[in-house]
**Q** 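Take this structure first; my questions come after.
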Amino acid sequence: MVRTTNIGTYRPSSFAAHARARQGGPSCRFGASAEESELTWIEDQVLAPDVTSREALLELAKMTNNAYAYPGNGDNQRHWYDLDSKWNSTFPFGWEDDQDGFRGHVFATTDNSTIVISIKGTSAGILGGGGPTTQKDKLNDNLLFSCCCAHVDFTWTPVCGCDAGRSRCDQDCLEASLDDDSLFYHIGTNLYNNVTYMYPNSTIWLIGHSLGGALASLIGVTFGAPVVTFESPGEKMAAKRLNLPPPPSTQHLTHVYHTADPIPMGTCNGILSACTYGGYAMESRCHLGKSIVYDTVTRCGWAVDIRTHPIREIIDRILSVEWNIPRRPLSAEDESYDPPVPIAKPEIFCVECHRWRFGKFLDPGDW
């Protein structure tokens with residue numbers, strides 16, 4: 001059972017209006033204020049997961065893990081977590097034999113009052129196994145989370161032609177490179193629209209791990225749906241490049257991660273990193289909404305290691321155990337403990353891609 005609470009969210013007046021606003025120029029982008037946006041936002045009160053509950057996060061993390069598996073499919077079945085009996089309905093998406101990209105599962109309660117869209121993250125050797133989606137996963141990773149088209153050095157083949165040399169990157173080119181209906185964000189918005197058509201009276205949540213978490217957040221900020229992600233790379237830069245109009249608040253988005261995982265921490269880059277070795281330019285670090293950060297490095301002595309990134313690490317080693325760990329004492333009398341779930345906080349002072357300059361440096365014909 002996932003404990004719930006009422007929260008305030010903002011949804012666009014319509015998806016068509018949101019799509020028009022995305023084409024409306026700088027005043028409609030993240031970084032501009034909601035007041036500057038030409039889009040009308042409707043305030044809602046919705047039922048959302050209670051992110052102060054460890055048990056709620058654990059159940060959602062198990063659903064997130066299950067996005068990587070197909071129930072009853074041989075070896076995949078071993079990686080499937082059984083869920084509370086309340087969730088007795090699931091249907092997969094993107095698992096057909098001819099599909100090699102965006103996939104996951106939709107979970108429903110017995111009365112269809114709550115629907116959860118769980119989006120699979122990256123399948124790659126360095127991140128816990130390969131699979132048929134690996135190539136498209138990597139393309140979306142490098143478009144969404146690199147500073148400039150995964151142009152790391154001269155040995156890399158960039159995923160778009162926006163590098164203008166001398167650490168300059170053409171902003172219009174970056175935005176155009178993400179305006180492709182075959183990319184995962186656009187597939188995800190179509191899925192969300194289909195699910196709302198199927199369940200018009202249901203509350204819909206979005207969850208995901210890694211790339212899947214970032215996509216869940218981008219879709220959630222588009223539609224005003226509650227979101228919980230696990231080990232997601234920073235998606236704030238991607239929201240700006242997708243020209244997503246900023247709602248008055250993004251507090252319906254919650255990211256859960258720990259400090260030993262270099263991907264959400266924004267440190268899985270550089271010539272010696274595992275991500276770079278695998279061909280992933282994971283250079284973003286700033287998240288929308290709020291973040292619940294488990295300090296496994298300071299509190300538990302974990303080493304920063306890409307092998308702590310798989311979703312099962314946070315399920316089995318963090319959420320399945322009590323987190324009442326003593327804080328480092330401030331004085332001899334200090335006997336305070338960390339709360340069962342760290343307090344969700346916005347990432348206020350966050351900088352990424354500071355070595356790059358973004359602007360109009362190329363003619364469209366040179367992209």
Side-chain angles (χ1 to χ4, degrees), residues 2-3 5 48-65 67-68 81 118 121-122 127-128 145 205-214 216-217 226-236 250-268 273-275 282 284-330 334-350:
V2 176
R3 196 166 79 189
T5 186
D50 183 352
V51 296
T52 67
S53 165
R54 179 178 64 85
E55 292 77 11
L57 293 179
L58 177 60
E59 188 77 353
L60 293 176
K62 290 178 178 179
M63 289 186 195
T64 302
N65 170 85
Y68 287 89
Y81 282 99
S118 178
T122 299
L127 302 178
F145 311 126
W205 304 341
L206 291 145
I207 60 175
H209 168 256
S210 193
L211 168 62
S217 181
V227 173
V228 178
T229 83
F230 299 91
E231 310 300 307
S232 167
E235 85 292 17
K236 189 172 185 178
T250 58
Q251 297 305 293
H252 60 293
L253 314 176
T254 303
H255 301 279
V256 183
Y257 60 92
H258 62 84
T259 56
D261 185 349
I263 289 181
M265 294 295 292
T267 58
C268 196
S273 74
C275 293
M282 306 298 288
S284 67
R285 64 181 298 264
C286 301
H287 297 84
L288 297 171
K290 302 173 296 182
S291 295
I292 294 172
V293 184
Y294 287 87
D295 189 356
T296 52
V297 172
T298 302
R299 306 294 186 206
C300 305
W302 292 16
V304 176
D305 193 324
I306 191 66
R307 289 173 294 183
T308 67
H309 182 66
I311 183 63
R312 284 179 169 263
E313 292 290 305
I314 203 165
I315 292 172
D316 297 337
R317 300 179 65 188
I318 295 178
L319 295 177
S320 292
V321 297
E322 294 289 344
W323 187 251
N324 288 323
I325 298 174
R327 300 171 185 254
R328 288 194 171 182
L330 300 176
D334 183 7
E335 296 180 354
S336 58
Y337 283 74
D338 279 324
V341 174
I343 297 171
K345 300 177 182 178
E347 298 177 5
I348 299 174
F349 302 107
C350 184

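Side-chain atoms are counted along with the backbone in the values below, which use heavy atoms only and exclude waters and symmetry mates. Owing to the predicted nature of the structure, the values given are computational and were not obtained by experimental measurement.
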**Q** Which residues pass the salt bridge (Lys or Arg N to Asp or Glu O under 4.0 Å) test with Asp295, sequence neighbours left out?
**A**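 Checked Asp295 against salt bridge (Lys or Arg N to Asp or Glu O under 4.0 Å); zero matches.
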
**Q** How far apart are the closest heavy atoms of Pro49 and Pro226, and which atoms are they?
**A**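 So the minimum-distance heavy-atom pair works out to CD-CB, 4.2 Å.
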
**Q** With sequence neighbours excluded, what pairs up with Pro262 under the side chain to side chain contact (heavy atoms under 4.5 Å, CB included) test?
**A**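 So Pro262 forms a side chain to side chain contact (heavy atoms under 4.5 Å, CB included) with Thr267, Cys268, Val304, Ile306.
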
**Q** Can you check whether Val297's main-chain N or O pairs, donor with acceptor, with Thr259's side chain at less than 3.5 Å?
**A**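 Present.
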
**Q** According to ring pair (Phe, Tyr, Trp, His ring centres under 6.0 Å), who are the partners of Phe145, at least two apart in sequence or on a separate chain?
**A**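 Counting only residues at least two positions away or on another chain, Phe145 forms no ring pair (Phe, Tyr, Trp, His ring centres under 6.0 Å).
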
**Q** Of the non-hydrogen atoms in Cys275 and Ile263, which two are nearest, and what is the gap between them?
**A**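 In terms of heavy atoms, the two residues are closest at SG-CG1, 4.0 Å.
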
**Q** Run the side-chain contact (heavy atoms from CB on, under 4.5 Å) check on His287 and Glu235 step by step: do they pass?
**A** CA-CA 5 Å; His287 297 84; Glu235 85 292 17; 3.8 Å; yes

**Q** Got a second to check how far Thr52's OG1 is from Leu57's CG, nearest 0.5 Å?
**A**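 One gets 8.5 Å once the value is rounded to the nearest 0.5 Å.
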
**Q** For residues Ser217 and His255, determine if any side-chain heavy atom of one lies less than 4.5 Å from a side-chain heavy atom of the other.
**A**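 In contact.
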
**Q** Starting at OG of Ser320, measure out to CZ of Arg312 and round the result to the nearest 0.5 Å.
**A**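 So the gap between those two atoms works out to 10.5 Å.
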
**Q** Please enumerate all residues that pass side chain to side chain donor-acceptor pair (under 3.5 Å) together with Thr64, with sequence neighbours excluded.
**A**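 Once residues adjacent in sequence are excluded, Thr64 has no partner under the side chain to side chain donor-acceptor pair (under 3.5 Å) criterion.
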
**Q** Under 3.5 Å, is there a donor-acceptor pair between the side chain of His209 and the main chain of His309?
**A**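 It does hold such a pair.
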
**Q** Go through the steps for Cys350 and Arg285 under the test side-chain contact (heavy atoms from CB on, under 4.5 Å), then give the verdict.
**A** CA-CA 8 Å; Cys350 184; Arg285 64 181 298 264; 3.5 Å; yes

**Q** Glu313: which residues meet the salt bridge (Lys or Arg N to Asp or Glu O under 4.0 Å) condition with it, sequence neighbours left out?
**A**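 Arg317.
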
**Q** State which residues pass side chain to side chain donor-acceptor pair (under 3.5 Å) with Ser232; sequence neighbours excluded, sorted by chain then number.
**A**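 In terms of side chain to side chain donor-acceptor pair (under 3.5 Å), with neighbours along the sequence ignored, Ser232 is linked to no residue.
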
**Q** Any chance you could measure Ile292, atom CD1, to Thr229, atom OG1, to the nearest 0.5 Å?
**A**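 That separation rounds to 9.5 Å.
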
**Q** First locate atom CD of Glu59, then atom OG of Ser53, and finally report the distance between them rounded to the nearest 0.5 Å.
**A**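 Between atom CD of Glu59 and atom OG of Ser53 there are 10.5 Å.
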
**Q** I'd like to know whether Val256 forms a side-chain contact (heavy atoms from CB on, under 4.5 Å) with Val228, so could you lay out the CA-CA distance, the side-chain angles of the two residues, the decisive distance to 0.1 Å, and finally the verdict.
**A** CA-CA 7 Å; Val256 183; Val228 178; 4.2 Å; yes

**Q** How many angstroms lie between atom CG of Leu58 and atom NZ of Lys62, to the nearest 0.5 angstrom?
**A**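 It comes to 4.5 Å.
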
**Q** Please enumerate all residues that pass side chain to side chain donor-acceptor pair (under 3.5 Å) together with His258, with sequence neighbours excluded.
**A**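 In terms of side chain to side chain donor-acceptor pair (under 3.5 Å), with neighbours along the sequence ignored, His258 is linked to Thr296.
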
**Q** Checking Arg3 now: which residues fulfil salt bridge (Lys or Arg N to Asp or Glu O under 4.0 Å) with it, not counting sequence neighbours?
**A**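 Once residues adjacent in sequence are excluded, the partners of Arg3 under the salt bridge (Lys or Arg N to Asp or Glu O under 4.0 Å) criterion are Asp50.
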
**Q** With sequence neighbours left out, write down each residue that passes side chain to side chain contact (heavy atoms under 4.5 Å, CB included) with Ala61, or none if nothing qualifies.
**A**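 For Ala61 the side chain to side chain contact (heavy atoms under 4.5 Å, CB included) partners, ignoring immediate neighbours, are Phe230, Ile311, Ile315, Leu319.
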
**Q** Could you tell me the separation between the OG1 atom of Thr308 and the CD1 atom of Ile314, rounded to the nearest 0.5 Å?
**A**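 If we round to the nearest 0.5 Å, Thr308:OG1 and Ile314:CD1 are 9.5 Å apart.
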
**Q** Look only at the side chain of Tyr294 and the backbone of Pro342, and say whether a donor-acceptor pair between them is shorter than 3.5 Å.
**A**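 The answer is no, because no donor-acceptor pair under 3.5 Å joins these two groups.
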
**Q** For Tyr257, check side chain to side chain donor-acceptor pair (under 3.5 Å) against everything at least two apart and list the hits.
**A**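 For Tyr257, the residues satisfying side chain to side chain donor-acceptor pair (under 3.5 Å) (neighbours in sequence not counted) are Glu347.
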
